Structures are given as C-alpha cells and as structure tokens.
Amino acid sequence: MKKLLLAVAVSTVAAGSVNAATVYEKDGFTYKLNGDFQIQFRQATGFDERAEVEYDDMELKNYVAYDLGNDLTAFGRLDVGYKKAAEGSQDASNLEEAYVGLKYGVASFSFGKQDFAGDEFGIEEAYEVETIDEDRFDGVETAGDDTIRVDIELENVYIAASHEMDAADQDGEYYDLFVATELAGLELAAAYQQSRAAGAAESADTWGVSASYDFGFMNLAADYSSTDEDDFETTQYNLAAVFAVAATTDVALGMGNKEEDDADDITEWYANVTYKFPAAKNVSVFAEIAQSDLEDASGDDADMGFLAGMRVKF
Amino acid sequence: MTRLAWTTCLLAALMPLPALAEVQLTLGACVNVQAVQDSEQTAGSGQSLTLADGTQQLVVECTTEIGREEVLETSDAFVVRFEAADTALALSAPEIESRNQMDAFNQQGNWQLTDRQGREVAFTADVLEKEGFQLVRDYARELAAYNRSGAKAAVAAPGLITNQDGLLLDSHVDPDQEMVSRMLRYWYLKADEQTRKEWDSWVDSSNQ
C-alpha cells in the first residue's frame, strides 16, 4: 500500500526530540528530572519597599522509582532549591524535599523531609502575598523533616494524612489530614491540622474548607480557614477567579482577608496575568499588582506592590 | 470577448475540480505529536496537522502539569493508528491532574479521537517503548522498528509484506543465502525438542 504524506502545516524539527522529564528508563527503573526556575523584578507591597530581583523558585526535582512487581513501586524524591543562595544567603540550606516511600495501587507511603498533607489546601492564585498568609495552614506550618505521609487516590476522592514527629530538633509535632473530591464539576476540599510547638503546653487546631468551580470561561474558587490556639483565633478567607482570556493567556483576580483576635483585619487583593508562549508552554512571563489595607503606626496605607517575571520549567 | 473565449470560460467553470482530499487533525490540550507516519515532525496542543487520506500513524505524548506544585509530567509515547479520509478530527487526552491519573493513562492509552460532530472515531493505540536514556529519542527510527515488529498499532512498512499468519516478511531477500542457511541450522541445533516441533509445524504450515 502506498501512502502519501502531505506537508505538515506546523513547525518541524530535525531528528531527535527532547522528552521533558524522564531521563532514564530500563528494567523497571525510572529517573525523572524536573526544573522550575522563576525570577521576578519585584517591589513588595508594604512601606518604603524597594524594587529588587527576587528568586522565587530555583528548583531541581529528582524522582527515582523501581518497579518491584505485583503493583508495588519503591520511589525516592530529592528536591534542591537555590533561591536562598541566589539571594546571597551563603549558609542557606538547599534541600527542599528528601524522602523515600512505597506505592501500592492507589496508596503510597513516604517518610523523610516533605510537605504536610495540609499543604495541599488552598485556592489562592497570587504569585506573591505579602501582608497576609496564603491560608491558615501556610500561616502555621506546611513542611517538616521528620514527616510520615500517606496518600490515597481513589476514583473521585483524594485523601492525604501526615504526621511530623516530635523530634529532638524542636520543630514541633503536627498531625494533618486533607480530603478532596469533585461533585458535578464542583471541587471541594477540607483539611485539619493539630499542631503543638516544641515545649508548648497547648496544641493549636487549624481547619479549612474550600470550593472551586470551572465555568468554562472562568474558574471561581473560595476558601476559609481558621486556627484556634489557646482560645486565640486567627481566620482567613480567600476568593480567586481565573479567566482564560486566550489560549495562551490567563488573568487572575483575587483577594484574601486575615483577621486575628484583638486586631484589625487585613485585606490584600491582587491581579495578575500569565502568558505562556505557544511554541513552548513551559515558558511563561507574568506580571502582578497587589495592594493591602495594612496601615503603619502613623496610619499610612501600605504602598502598592508590583512584579514582573519569567518562569522556565522542564 | 469572443464566443470561443466565452465557451472556454464556461467549460472551465463547469469542469469539476478535483477536491483536495485531506485530513485536518487538531490536537487537544496537552497533546504533542512527535512523528507523523515515518518522519520526525512535531506539533503541540492547539495546532492542526494536515494529513493525506488513508492510514494515519502518529507518535503522540501528553505533557501536563500535575499536583499542587504543577510539576511537568509527560506520558509514555504512544503510537496511534487510524483510518481517515477527507475529514476534520480532534485528538485529545483525558484530564490528568495527578501522577496516579498519569499512570492510569499510560496503562489504558485512552486517547480520544473524534470527528467534527463529536462522534468517536476508531483507532488503535500502543506504547512506543524505549529502554535506557530517554533524553533524546529518534521517534522516526523507533517507529520504523515498531512497524517491523508487527505490533498492534504497526503499519506495513515499504518492502515488507505480511503472510497469512500476519507475520511480516522482508521482500528484499538477503543475497547471502549461505549465511541465512547457516544461521537457521545453528538456531535449529540450539533449540530444544518443543521449540523444534513448533518450528517444524510452522514450516509445514507455511509451505501449504
């Protein structure tokens, strides 16, 4: 059979294509390497802030896995980041995540230095928030280096649980639980954390709920989270909307409000635009403005913050 | 204008023009084409390919961001084969948001090929496996080797014919028949009793 091939009406390359993440794969062994580099020109929201070049993500993520047969996989993850070093901090640790684990079917178990289950929580869409937290879990703690974690991914439910052990390093003790599901296009999530700082008599309880819905032209999301520590309550809510204004361009609008007992609440809002290059969507440029109603001691409002940057991933 | 010229114009207008028979294939979110038929050609999500009518064979991958960290993850490379003529089709992958979903996609190969009315179009998909370093893959060469293997999404390559058992035979006979004969004898002597019986049976059936 003779086949004709018409010219392909798109770009062509010479022989040899780059496969983004997987470096090596043989006899059940896999090694993947991802990179995430993000650098910004930024003047933070605040008082008398100055513009600077800020390194947000400068990460290399290594992932190795061995297929042990019978649906069992052993894996390891080692992430190193250089943003603190890039900012000039010579003694900054470059290790961001380091853990090993086993995966069997829909469940995986891991231990080491890693994110808590509560880190999965949150809908905030800003590149940077300055005067509030991303959410209450971010305001307490979202990662540790004595952490045991279990992830279970069912057909329509995702469950993660983690425990940061009360080790001699005085990082404190944390129990986290995160559950997410989707009902008729509505994504719902809930999280809970019980935390006890090293040596503290009382533990703190943090919980949160979130929802997001994709309307097609817009994704609308909201979350609410609260921390109760010895009858001192801190709450935060976020609203965010992301519009796909073009195949290559997303615009996000959002705000967050944080309120502590016996203090004025703080509201920060932001608007950002992200453009992904059509020829390589792993390359994006972005810009953001942000404003907060935080006041200094003399009653002056914080100055508007802005940033523009570029992100390259592989 | 003269009568002859009018007549010529009229005839030209009434003559049926040969339609340019071709297939427009639009790539959905996350879909990347790495090879088309036997040549290395790339296209990304949102782009369209113009293909000749007939049997289509592509090497495709799905690259997407997964998890809260938005880590880039690329699926296995798949060989997708389908028949199409004078139509517009769309090739897409299911929404993949986690590593588990990516694993499931790699196992199921549940690509979606639909026509303009959203009706499903039949296709065959199979993983194009490569062992060892994956950084630079020569998909055209891999696809040629895949087609010689006679795997389920293979198409008959030029110079290859298929016998009644579906096995691919090379029509370009190796001139060094003495070497071929020596190799056959060598492997026959190496084979155990069961393998020799299977071999004898296959030779008998091939000569019928």
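Here is the naming used below: chain letters follow the sequence lines, and residue numbers restart at 1 for every chain. Because the structure is predicted, anything quoted here is derived from the model rather than measured.
Checking side-chain atoms of A:Lys313 against main-chain N and O of B:Glu65 turns up no donor-acceptor pair under 3.5 Å.
Here the straight-line distance linking atom CG of B:Leu72 with atom NZ of A:Lys61 works out to 10.0 Å at 0.5 Å rounding. The line from CD1 of B:Ile66 to CG of A:Asn34 is 8.5 Å long, rounded to the nearest 0.5 Å. Taken from CD in B:Gln134 to OG1 in A:Thr30, the straight-line distance is 8.5 Å, to the nearest 0.5 Å.
No part of B:Asn32 comes within reach of chain A, as not one of its non-hydrogen atoms sits under 4.5 angstrom from that chain. With a 4.5 angstrom heavy-atom cutoff, B:Glu97 touches chain A only via side-chain atoms. No part of A:Asp151 comes within reach of chain B, as not one of its non-hydrogen atoms sits under 4.5 angstrom from that chain. Neither the backbone nor the side chain of A:Glu155 comes within less than 4.5 Å of any heavy atom of chain B.
At most 12 heavy atoms of other shown residues, nucleotides or ligands fall within 6.0 angstrom of atom NZ in A:Lys276. No more than 12 heavy atoms of other residues, nucleotides or ligands sit less than 6.0 Å from atom OH of A:Tyr104. When the shell of 6.0 Å around CD of B:Glu120 is examined, it contains 12 or fewer heavy atoms from other residues, nucleotides or ligands. In A:Tyr66, the OH atom is not crowded: 12 or fewer heavy atoms of neighbouring residues, nucleotides or ligands sit closer than 6.0 Å. For B:Arg196, the CZ atom is densely surrounded, since the number of other residues' heavy atoms within 6.0 Å is greater than 12.
Most heavy-atom pairs under 4.5 Å with chain B, from the set A:Glu59, A:Glu120, A:Lys281: that is A:Glu120. Chain B forms more heavy-atom pairs under 4.5 Å with one residue of A:Tyr31, A:Tyr158, A:Phe121 than with any other, namely A:Phe121. Of the residues considered (B:Gly44, B:Gly46, B:Ser98), B:Ser98 shows the highest number of contacts with chain A, using heavy-atom pairs under 4.5 Å.
In plain terms, the two heavy atoms of A:Tyr24 and B:Phe133 that are nearest each other are CD1-N, 3.4 Å. Listed here is the closest heavy atom pair of B:Asn100 and A:Val106: ND2-O, 3.7 Å.
Side-chain contact between B:Glu129 and A:Glu25 is absent, with no heavy-atom pair separated by less than 4.5 Å.
Within the structure, disulfide (SG to SG under 2.5 Å) contacts touching residues 30-74 of chain B (residues at least two apart or in different chains) are B:Cys30-B:Cys62.
In this structure, B:Arg99 is positioned above the aromatic face of A:Tyr63, its NZ or CZ under 6.0 Å from the six-membered ring centre and within 45° of the axis.
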